[in-house]
Amino acid sequence: MNQVRVRFAPSPTGYFHVGGARTALFNWIYARQHDGVFVLRIEDTDKERSNEESVGYFLDGLRWLGLDWDEGPVFQAGRSEEHRAAAAALIESGHAYRCFLTPDELKAMKEEAAANKTEGGFRSPHRELTQEDSDRRAADGEPFVVRFRVPDGETVEFVDLVYGKNVKRTGDIEDFVMLRSDGSPLYNLSVVIDDADMEISHVIRGQDHLSNTPKQILLYRALGKPEPVFGHLPLILAPNKAKLSKRKHGEIVSLLYYRDRGFVPQAMNDFLALLGWSPGAEEERLSLQDLVKRFDISKVNKSNAIFNYRGGDERNWTDPRAIAINGDYIKSMPLDDLLPMVKQEMERASLWQDNFNGERDDWYRNVIDLLRERIRTLDEFPLRGRPYFSDDFEMEERAVKKNLKKEGLAGLLPQFADRLEKLKVFDAETVEAEARAFADEREVKPGLVINGSRTALTGTNVGPSMFHVFEVLGRERSVRRLRAAEAIVTG
RNA sequence: GCCGCUAUCGUCUAGGGGUUAGGACGCCUGGUUCUCAGCCAGGUAACCGGGGUUCGAAUCCCCGUAGCGGUACCA
């Protein structure tokens, strides 16, 4: 049994697209499922558009997701000599030919073909040039491209891992260009040469390449190289079924944006895997290890998936399902796994203090554990957690209006503070008993005191159970904030 | 134009010749509690259209339509 070798081969012309991330993920899973090798190849043949910064995005993104590669990165541009040599060999063996058609001539021919509703793939008249003529014109310096000589009357068959059996008549395949007139190789040639040289056994890539596959198979045959197995993945589209692009759809198509917006890497992997594939009616929260166990490429859906985001919705700034999955992870993952991710966010917000890892460790873990219940992205920790970590936090207007500017609240909060100061122990249970007793005595609803306290202590009207907030904040700060709030109540 | 791929709730999907067509997300309602953006319960909503085969079609076949891809000296 030959070794499974798969590759992820992005072209570094911009950001790391979420669709690309999914392709990488499925390749990685396939490699790990088969004890294979995952190769990273950078397809930077288009020098105009490729740039180094972009390469960094891909490396960062793969590392973030935990998709480690076994070989590479191999840069394709460094291999153009091999590609040219292969083209020359194909001319030599008669599998390719020089085409001297000028762009204008070519255009005219194609227009004519379209006008006559001509069936079948394009054939250049120069396909029939004698070797001598061809050599002479080339020697004379006449510009030419190198086209593949597609055999007539044959059929190309392959069984796609996702789409199943495909049959294509060679008559419908055009004599595609392999080398530009400046001698540089084109995609269909370079992928095949590189995949063949790297002994890629399974080519798993986007469905947009499905129609290229018969051409590439023809190339493998002409080269006398073994054909790999192909698997094409459905595309991820925008809600209007258009291609997802950063220009049109913004940051949400960029993988790294999710890292920056507080995604847990595994939530991202999970979401991506579930876009076009399903483990059946079973558990849908899957670790990378689970995915390796359960994923089945033949069960991938054949139709394109829509990335369901709507602009202008702050709560659902990307596909709501992705956010929901992320929230699930934050709520349920082991606290020790979560903590390092939260630390980064805290540092970013300048809220991190070293004693959170030292004498205040227990306290800090407690707060994070308390907060995580209703948090969906990591960046919410410093945001919602601010009143716990700093005295400098915002009093939300809505909350003030709802909970502090209340009839009958005047004077209550400071008095409640006095009572809290006298408590022997200061934990959730004791504070709750005290609060209820206090409300009872003053003949007000407990909610008045409790909700007033919530806003006094945290500036908001939402959050964890209030008595746990008291406990976590501690007596001193609680009391101080209760008293400080009186100015707002009566103001 | 030509060649090809695809089609189940708003979205991701399960299923598949006879089912109340299932789940998740979203949304709505109710409950819980001191709040909700949490938790619990319920609701909402789908087999692209037309023919054919069949006792019976969402499922199989054909045609159509739509979307996507290829038809580039892009990848």
Side-chain angles (χ1 to χ4, degrees), chain A residues 9-11 13 43 45-46 48-49 99 101 103 106 110 113-122 143-147 160 163 166-169 171-174 176-184 186-188 190-191 205-215 232 234-235 237 239-243 271 274-282 284 301-310 315-316 319-325 327 331 372-376 380 384 399 402-403 432 435-436 439 445-455 458 460-467 469:
Chain A
S11 45
T13 55
E43 305 215 327
T45 42
D46 189 337
E48 299 288 298
R49 299 196 295 147
C99 170
L101 253 25
L106 186 65
K110 296 216 164 173
N116 297 338
K117 302 191 180 185
T118 310
E119 291 181 21
F122 175 77
F144 61 88
V145 299
V146 176
R147 289 183 183 277
D160 191 274
Y163 286 88
N166 269 258
V167 185
K168 182 104 174 173
R169 294 176 297 272
D172 288 327
I173 302 173
E174 77 281 3
F176 57 92
V177 177
M178 299 188 299
L179 244 42
R180 292 185 180 92
S181 50
D182 68 359
S184 59
L186 250 15
Y187 172 75
N188 279 311
S190 2
V191 247
R205 63 209 333 181
Q207 183 239 49
D208 45 342
H209 291 297
L210 190 58
S211 333
N212 281 325
T213 303
K215 298 175 200 170
H232 288 88
L235 270 17
L237 305 177
N240 64 355
K241 298 192 174 178
K243 248 188 191 165
F271 169 69
L274 258 18
L275 213 49
W277 172 78
S278 156
E282 302 169 63
E284 292 200 336
N301 231 63
K302 295 181 184 66
S303 51
N304 293 337
I306 289 175
F307 197 84
N308 186 31
Y309 84 98
R310 13 176 218 262
R315 179 168 155 74
N316 291 311
D319 193 316
R321 192 176 195 214
I323 297 178
I325 291 174
K331 284 188 222 5
R372 81 206 282 214
E373 184 67 22
R374 65 211 71 213
I375 272 179
R376 305 186 308 160
E380 290 179 70
R384 297 191 195 296
K402 188 179 168 198
N403 289 336
E432 172 159 17
R436 292 189 189 282
K445 283 188 177 162
L448 185 69
V449 176
I450 294 168
N451 289 324
S453 298
R454 180 188 309 286
T455 302
T458 65
T460 78
N461 59 340
V462 299
S465 155
M466 198 50 215
F467 303 108
V469 175

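Proteins come first, then strands; the chains are lettered A, B, ... in the order of their sequence lines, and each starts at number 1. In this text the structure is predicted, and so the values were computed from the model without any measurement.
- Residue A:Pro464 is the one, among A:Pro464 and A:Leu101, whose nearest nucleotide of RNA chain B lies closer to the 5' end (criterion: closest heavy atom).
- Proximity note for A:Ser11 (side chain, C-beta onward) versus B:G70, B:A75, B:A24: the nearest is B:A75.
- In this structure, CG of A:Asn316 is placed 11 Å from C1' of B:A37, rounded to the nearest angstrom.
- Counting only N and O atoms by type, the side chains of A:Gln207 and A:Tyr163 include a donor and acceptor under 3.5 Å apart.
- For A:Ser278 and B:C12, a side-chain-to-base donor-acceptor distance below 3.5 Å is absent, hydrogens and geometry of angles not being considered.
- The gap from the P atom of B:A7 to that of B:C62 amounts to 14 Å, rounded to the nearest Å.
- By the neighbour-count criterion of 12 heavy atoms within 6.0 Å, atom NZ of A:Lys241 is sparsely surrounded, having that number or fewer from other residues, nucleotides or ligands.
- To the nearest whole angstrom, the two C1' atoms, one in B:C9 and one in B:C68, are 22 Å apart.
- A gap of 15 Å separates the P atoms of B:U6 and B:A14, to the nearest Å.
- Computed from coordinates, the A:Ile323 CD1 to B:G38 P distance equals 12 Å when rounded to whole Å.
- As the counterpart of B:C48, B:G64 is assigned, both hydrogen-bonding distances of the Watson-Crick or G-U wobble pattern falling under 3.5 Å.
- If you measure from atom CZ of A:Phe122 to atom P of B:G70, you get 19 Å, rounded to the nearest angstrom.
- Atom CG of A:Leu186 is separated from atom P of B:G70 by 14 Å (rounded to the nearest Å).
- Between the CG atom of A:Leu274 and the P atom of B:G23 there is a distance of 17 Å, rounded to whole Å.
- Checked by atom type and distance alone, the side chain of A:Ser11 never pairs as donor or acceptor with a backbone atom of A:Thr13 at under 3.5 Å.
- Scanning atom types as modelled, one donor and one acceptor separated by under 3.5 angstrom connect the side chain of A:Asn212 and the base of B:A75.
- Projected onto RNA chain B by closest heavy-atom contact, A:Ser181 and A:Asp172 fall at different nucleotides, the more 5' of which corresponds to A:Asp172.
- In this structure, B:A41 forms a base pair with B:U29, meeting either the Watson-Crick or the G-U wobble geometry with both donor-acceptor distances under 3.5 Å.
- Across all strands shown, A:Tyr187 has heavy atoms under 4.0 Å from base atoms, whether or not it also approaches the sugar-phosphate.
- Within the 4.0 angstrom heavy-atom criterion, only backbone atoms of the sugar-phosphate kind lie near A:Val177; the bases stay farther away.
- Rounded to whole angstrom, the span from the CG atom of A:Leu237 across to the P atom of B:U13 amounts to 11 Å.
- In this entry B:C73 has no Watson-Crick or G-U wobble partner, no candidate having both defining distances under 3.5 Å.
- Counting any heavy atom pair closer than 4.0 Å across all strands shown, A:Pro320 reaches sugar-phosphate atoms only and no base atom.
- The shortest side-chain heavy-atom distance between A:Ile325 and A:Leu274 falls under the 4.5 Å cut-off.
- Within the nucleic acid shown, A:Lys331 comes within 4.0 Å of sugar-phosphate atoms alone, with no base atom in reach, counting heavy atoms only.
- Not a single donor-acceptor pair under 3.5 Å links the side chain of A:Arg205 to the backbone N or O of A:Leu210.
- Contact annotation: A:Arg376 does not reach the phosphate of B:G38 (side-chain N/O to OP1 or OP2, under 4.0 Å).
- When heavy atoms are screened at a 4.0 angstrom cut-off, A:Asn461 is found touching base atoms of the nucleic acid.
- We find that CG of A:Asn166 is positioned 11 Å from P of B:G4, with the value rounded to whole Å.
- Ranking B:C27, B:C34, B:U6 by closeness to the A:Arg315 side chain, first place goes to B:C27.
- Using atom C1' as the reference point in both B:A58 and B:U19, the two lie 11 Å apart (nearest Å).
- Distance from the side chain of A:Arg180 is smallest to B:A75 among B:U6, B:U11, B:A75.
- On the P atoms, B:A46 is 29 Å away from B:C63, given to the nearest whole Å.
- Distance from the side chain of A:Leu235 is smallest for B:C68 among the nucleotides B:C34, B:C68, B:G38.
- When all heavy atoms of A:Ala439 and A:Pro446 are compared, the closest pair comes out as CB-CA, 3.7 Å.
- Residue contacts for A:Ser184: at a heavy-atom cut-off of 4.0 Å it reaches no nucleic acid atom on any strand shown.
- At B:C2, none of the side-chain N or O atoms of A:Arg169 fall inside 4.0 Å of OP1 or OP2 (strictly under the cut-off).
- The pair A:Lys215-A:Glu174 meets the salt-bridge criterion, with a side-chain N (NZ, NE, NH1 or NH2) lying under 4.0 Å from an Asp/Glu carboxylate O.
- Remark: B:A14 base-pairs with no nucleotide in the shown strands. Criterion, Watson-Crick or G-U wobble with two distances under 3.5 Å.
- Within the nucleic acid shown, A:Gly327 has no heavy atom closer than 4.0 Å to any nucleic acid atom.
- Among B:G67, B:C25, B:G69, the nucleotide with an atom closest to any side-chain atom of A:Lys241 is B:G67.
- For A:Ile306, whose side chain is taken as the heavy atoms from C-beta onward, the closest listed nucleotide among B:G69, B:U35, B:C12 is B:C12.
- When distances are taken from the side chain of A:His209 to each of B:G23, B:A75, B:U71, the shortest belongs to B:A75.
- In this structure, of B:A7, B:C73, B:G4, it is B:C73 that holds the atom nearest to the side chain of A:Arg147.
- No donor-acceptor pair under 3.5 Å is formed between the side chain of A:Asn308 and the backbone N or O of A:Asp319.
- Rounded to whole Å, the distance from CD on A:Glu174 to P on B:G69 is 16 Å.
- At the phosphate of B:A14, OP1 or OP2 sits under 4.0 Å from a side-chain N or O atom of A:Asn301.
- B:G22 and B:G42 have their P atoms separated by 14 Å, with the value rounded to a whole Å.
- Comparing B:A75, B:C39, B:C68 by their closest approach to the side chain of A:Glu43 singles out B:A75.
- A 4.5 Å side-chain heavy-atom check between A:Met178 and A:Leu186 finds every atom pair outside the cut-off.
- Which of B:C5, B:U13, B:C25 sits closest to the side chain of A:Gln207 comes down to B:C5.
- Side-chain to base pairing of A:Arg205 with B:A75: no donor and acceptor N or O lie closer than 3.5 Å to each other.
- The partner of B:U53, taking Watson-Crick or G-U wobble pairs whose two distances both stay under 3.5 Å, does not exist in any strand shown.
- B:C12 and B:C47 have their C1' atoms separated by 16 Å, with the value rounded to a whole Å.
- Nucleotides B:C25 and B:G17 are separated by 32 Å at their C1' atoms, to the nearest Å.
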